[in-house]
**Student:** 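I'd like to ask you about the structure that follows.
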2 protein chains.
Amino acid sequence: MPLIKTNKEEIIDTALNVFRENGYYNTSMSDLAKACGLQKGSFYHYFDSKEKMMSAVLDKVLSTLNAEVFPIADDMSISDRDRLQKLMLSIGEIMLQKSGGCIAANTSLETNGQSVIFRDTLKAIFDGWQNALQKIFSSQYPEGTSKRLAEQTVMEFEGAVMLSQLHSNDQYLKDVFVRTLAKMK
Amino acid sequence: MPLIKTNKEEIIDTALNVFRENGYYNTSMSDLAKACGLQKGSFYHYFDSKEKMMSAVLDKVLSTLNAEVFPIADDMSISDRDRLQKLMLSIGEIMLQKSGGCIAANTSLETNGQSVIFRDTLKAIFDGWQNALQKIFSSQYPEGTSKRLAEQTVMEFEGAVMLSQLHSNDQYLKDVFVRTLAKMK
DNA sequence: GTCTATATCAAGATAGAC
DNA sequence: GTCTATCTTGATATAGAC
């Protein structure tokens, strides 16, 4: 293995991809270390445990969303429709990235019930997302309707990610994208 | 399906619940054996491996759906709306059962990408479901629309299962149920 | 058909040299 | 900060007695 100088941020970015593609339980510390170009022993210099590693990954996803994505909903310099499009595209970039589906949905479904550790972060991710969507919809719909549309968008999006993955076909996701955008003038 | 359950089938039923609640990778053969009231060693009398165990579980879900649930779409003795309601309720019973979300979605998201073993069965489950929904919708909508409505229903349903799980609140699922039924006169 | 015992391996994690 | 070596545990799976 070549000697690679790395840092905590780079490790988190790499780990995000490994976790998203392999899942939490099916990813070993060896897998993570190897993906980072480190020996397993070296890896513990950065993170005490696999659990803390994943927590750091999800925390970074949430803070990135909070800093860069959810505020799009408040950007009144662009049209409602453009805000919605920009938000959806940005969500896709951060949560889907390359392959493996959505890190938040994957982790939710995999750890729900038994592990309560990631729950708050995952809830904050989905609540923030839904909230941002609702803000955008509320510019053209009454409160009850925009809340429902926001919920529907999140649910359809995650369902579409699953079906796209399963069938190796992006069409489901693209369709949801188009349908969602069509809800705004 | 036979009227009298074999021992193997009881194991499959128990394993389904354990897998759905703990996930595939986070369930050990010990967990399964214990849930069945067997020693780990005894468990291998019935199934050669964990993988074959899960395959049997998913196969049984699919065959139950094929035998008892999807045909509801063809039952012209009840109204369109009642068929839709009966189908959705039956899907819920088989895939959700108690707690832990949807076995098909959980397994899809957890094993997608790395494991190709369960893929065909999972695809058949979702395709059969979508197909049954489309049949029902097609009695009141044109082909393109009913296909889209069927896709949307599956996606929203799975998204709702996730959010309901995450927030320990059935409301998301109930809302989808009501919204879906409202699509039929 | 169920048990106990065990083989084998990989996982998470730590210690200490450099 | 990275390495090698190691500890401990728990996982899958098998063997063979009853």
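Quantities reported herein were computed from a predicted structural model and do not represent experimental measurements. Proteins get letters first, then strands, A, B, ... in listed order; numbering begins at 1 in each.
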**Student:** In whole angstrom, give the distance that lies between atom CZ of F47(B) and atom P of dG1(C).
**Tutor:** 13 Å
**Student:** For the pair made of CE in M53(B) and C1' in dT12(D), what is the distance, rounded to whole Å?
**Tutor:** 15 Å
**Student:** State whether a side-chain donor-acceptor pair under 3.5 Å links R119(A) with S168(B).
**Tutor:** yes
**Student:** What verdict does the side-chain hydrogen bond (donor to acceptor under 3.5 Å, both in side chains) test give for N26(B) and E110(A), after you've listed the backbone C-alpha separation in whole Å, the side-chain angles of each residue and the deciding distance to 0.1 Å?
**Tutor:** CA-CA 8 Å; N26(B) 192 41; E110(A) 200 179 351; over 6 Å; no
**Student:** Among dG1(D), dT4(C), dC3(D), which is the nearest nucleotide to the side chain of Q39(B)?
**Tutor:** dT4(C)
**Student:** Measure the distance from CG on D31(A) to P on dA13(C) and round it to the nearest whole Å.
**Tutor:**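 One finds 14 Å between P of dA13(C) and CG of D31(A), rounded.
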**Student:** Send over the distance from E10(B) CD to dG1(C) P, rounded to a whole Å.
**Tutor:** 13 Å
**Student:** Take the C1' atoms of the five end pairs on each side of the helix from dG1(C)-dC18(D) to dC18(C)-dG1(D), get both axes, and report the angle to 10 degrees.
**Tutor:** 0°
**Student:** Taking E143(A)'s backbone N and O only, do any of them form a donor-acceptor pair with S138(A)'s side chain (distance below 3.5 Å, no angle check)?
**Tutor:** no
**Student:** Tabulate atom names and distances for all N/O pairs under 3.5 angstrom spanning the protein and nucleotides 13-16 of chain D.
**Tutor:**
unit_1, atom_1, unit_2, atom_2, d
dA13(D), OP2, K50(B), N, 3.2

**Student:** Rounding to an integer number of Å, can you tell me how far Y25(B) OH sits from dA10(C) C1'?
**Tutor:**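 In whole Å, dA10(C) C1' lies 15 Å from Y25(B) OH.
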**Student:** Select one nucleotide: of dT2(C), dT2(D), dG12(C), the one nearest the side-chain heavy atoms of H45(B).
**Tutor:**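 Selected nucleotide: dT2(C).
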**Student:** Would you mind reading off the distance between N26(B) atom CG and dA11(C) atom P, rounded to a whole angstrom?
**Tutor:** 15 Å
